[in-house]
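As structure tokens, the structure follows; a few thoughts come after it.
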Amino acid sequence: MRFFQIILISLMVCVVSLSASDIAVTIYNGNMSLVRDVRENKFEMGRQVFEFTDVAASIDPTSVHFKSLTAPGQVHILEQNFEYDLVGMDRLLETYLDQTVQLVTRQENFLQGKLASSNNGYIVLMTQNGKVRAIAKDVIEHVEFPELPAGLKTRPTLVWLLDADKAGTHKTEISYLTGDMSWDAQYVGVVNEDDDRLELSAWVSIHNTSGATYKDAVIKLVAGDLNKASEEKRVQRLDRAMVAAEAPQQFQQEELFEYHLYRLQRPATLKDRQVKQISLFSPQTAPAEKRFIYDGQKQKVRVDLEFMNSEENGLGMPLPKGKVRVYKESKDGAQEFIGEDRIDHTPKDERVRLTLGNAFDVVGERTVKSRERVTSNTRQETVEISLRNHKQNDITVTVVEHFWGDWEFVGSTPKISRRTATLCEFAVDVAADQEKTFTYTVLYRQ
């Protein structure tokens, strides 16, 4: 359906005159951002109504903090109203029910009458001669209204009743929380031919559907799990544009409370309904280890890629949580996708494990050979594990077995690489194109 235009006759709108504003936006994981907006505003002395425009449509008005930087403590907000009943075709038609409007169709036909209805894709008019005309909305070029109804705003607006002790131009700061703006990290990894080195780069994606554009803003990203009081979820807008900006080492990292803050070292504009992508760090190469994992509770042997997030490995910075996509060069020189996984917030000097998929040529099989009760409060179980390696090279498979309660092994076992109260990992070497089978016995006490 063609979207028709709105024409307002004798329109009078009071617009606040603003100088260029100084904007800073701190964006958190989890659909929340803090906006700090510094502007010059002209106040009269005494009590007055003031309209502060160009705030986010998704603002939490209860989070607004205001102060005059020119005259601290001399401007007092007595009352605040958030006006978000915005001008729009449907809202105008709803407001003008039982009033006279004028329509122009795409065939330049001029129609006038009292608006009776605007539902189900039609505008219904009562003409002066008493006839009823139903006009499909998709043939209407524009609608003319006499004026903008009182109470409707062209932009989301904070309306303040304030009291100023000093007249003149004040440099003011307003800060508020808004929803519908968030960020996440995406990583791109490329493994070498021998699967023992990983080249890792990172991007951040900033999603802005807050209903406002932040021009030349100072952008800060906070990585961490902040606690937020529960609230009703807002409906996000759907239209989005994609832009990308790339530069090495654009963010400076610092600690903030128990979180990490990444400060973009240049201003950037965040448009409404836009996803902006910015390089977090340039490609870094680190030693990596490919591991084959067979968990007896699952049917297939999975493939993990592990690396250490340390300075000596070319990394060593706090890694925000996000998705890691991994590629490898095929024999024709093309980069092919080989799997992806998500990582949680990872401090420096911690190991990162990526599960990329299941091994095609490695097969595991688990069989319980026997179960028997030894005494009234003990039970013994014997398990057989078979591993078949159809690859052309020798491999090591980590076999993960899960246990419960008070348990211990009886007799010999393969090499144990890790053991906890609830699991044990065996390191099993399997030669190329060979099968390796082992058994273990465990005793449970109730």
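Keep in mind the model is a prediction, meaning the values are calculated, not measured.
One distance of note links CG of Asp163 with CD1 of Ile77; it measures 11.5 Å at 0.5 Å rounding. Here Trp160 contributes atom CH2 and Phe82 contributes atom CZ; the two are 12.5 Å apart, rounded to the nearest 0.5 Å. Annotation: the span from His390 atom NE2 to Phe360 atom CZ amounts to 10.0 Å, rounded to 0.5 Å. The CG atom of Leu319 sits 5.5 Å away from atom OG1 of Thr346, with the distance rounded to the nearest 0.5 Å. Atoms NZ and CZ, from Lys321 and Arg342 in turn, are 9.0 Å apart once rounded to the nearest 0.5 Å. Taking NE2 from His402 and OG1 from Thr422, the interatomic distance works out to 8.0 Å, rounded to the nearest 0.5 Å.
Between Pro320 and Ile343, the shortest heavy-atom distance links the atoms O-CD1, 4.0 Å. Between Leu177 and Ser63 the shortest heavy-atom distance is N-OG, 2.8 Å. Nearest heavy atom pair, residue Leu305 against residue Leu198, reads CD2-CD1, 4.1 Å. Between Tyr176 and Val55, the shortest heavy-atom distance links the atoms OH-CA, 3.7 Å. Across Ser279 and Trp203, no two heavy atoms sit closer than the pair N-CE3, 3.6 Å. Annotation for Gly364 and Val301: closest pair N-CG2, 3.7 Å, computed over non-hydrogen atoms.
Using a cut-off of 4.0 Å between Lys/Arg side-chain N and Asp/Glu carboxylate O, Asp22 and Arg39 are scored as not salt-bridged. For the pair Arg325 and Glu340, the salt-bridge criterion is met [side-chain N within less than 4.0 Å of a carboxylate O]. Electrostatic pairing of Asp304 and Arg353 counts as a salt bridge here, judged by a charged N lying under 4.0 Å from a carboxylate O. By the 4.0 Å N-to-carboxylate-O rule, Lys348 lies too far from Glu311 to be salt-bridged with it. At a threshold of 4.0 Å, the pair Arg36-Glu173 counts as salt-bridged, since one of the basic side-chain nitrogens sits closer than that to a carboxylate oxygen. For Arg388 and Glu365, the salt-bridge test passes: some basic side-chain N is under 4.0 Å from an acidic carboxylate O. A salt bridge is defined here as a Lys NZ or Arg NE, NH1 or NH2 lying under 4.0 Å from an Asp or Glu carboxylate O, and Lys328 with Asp195 meets this definition.
The backbone N or O of Lys271 lies less than 3.5 Å from a partner atom in the side chain of Asn208, making a donor-acceptor pair. Of the possible donor and acceptor atoms, none in the side chain of Asn31 sits under 3.5 Å from a partner among the backbone N and O of Ser182. Judged by distance alone, the side chain of Glu199 and the main-chain N or O of Arg197 form no donor-acceptor pair under 3.5 Å. Put simply, the side chain of Asn309 gets close to the backbone of Gly316: a donor and an acceptor are under 3.5 Å apart. Remark: side-chain polar atoms of Asn389 are paired, donor with acceptor, to backbone N or O of Asn393 under 3.5 angstrom.
For the residue pair Gln277 and Ser205, a side-chain donor N or O sits within less than 3.5 Å of a side-chain acceptor on the partner. If you check the side chains of Ser58 and Asp180, you find a donor sitting under 3.5 Å from an acceptor.
Heavy atoms from other residues, nucleotides or ligands lying under 6.0 Å from CD of Glu289 number more than 12. Heavy atoms of other residues, nucleotides or ligands lying less than 6.0 angstrom from OH of Tyr122 number 12 at most. Within 6.0 Å of the CD atom in Glu44, the count of heavy atoms belonging to other residues, nucleotides or ligands does not exceed 12. In the displayed structure, Glu193 atom CD is contacted under 6.0 Å by at most 12 heavy atoms of other residues, nucleotides or ligands. More than 12 heavy atoms of other residues, nucleotides or ligands shown are found within 6.0 angstrom of CG on Asp332.
Ring geometry for Phe43 versus His170: interplanar angle of 30 to 60°, hence tilted. Ring orientation note: the planes of His260 and Tyr262 are tilted relative to one another, at an angle of 30° to 60°.
Looking at Leu111 and Ile135, their side chains come closer than 4.5 Å, going by heavy atoms from C-beta outward.
For Phe281 and Phe251, the ring centers sit 6.0 Å or farther from each other. For Trp183 and Tyr28, the ring centers sit 6.0 Å or farther from each other.
Under the side-chain contact (heavy atoms from CB on, under 4.5 Å) rule, Leu270 has a single partner from Val275, Ile23, Ile27, Thr213, which is Ile27.
Here side-chain hydrogen bond (donor to acceptor under 3.5 Å, both in side chains) pairs that include residues 70-79, with residues two or more places apart or in two chains, are His76-Asp165, Glu79-Asn81.
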Problem set entry | Step-by-step side-chain hydrogen bond (donor to acceptor under 3.5 Å, both in side chains) determination, Gln112 to Gln102 | CA-CA 4 Å; Gln112 179 174 303; Gln102 298 176 353; 2.8 Å; yes
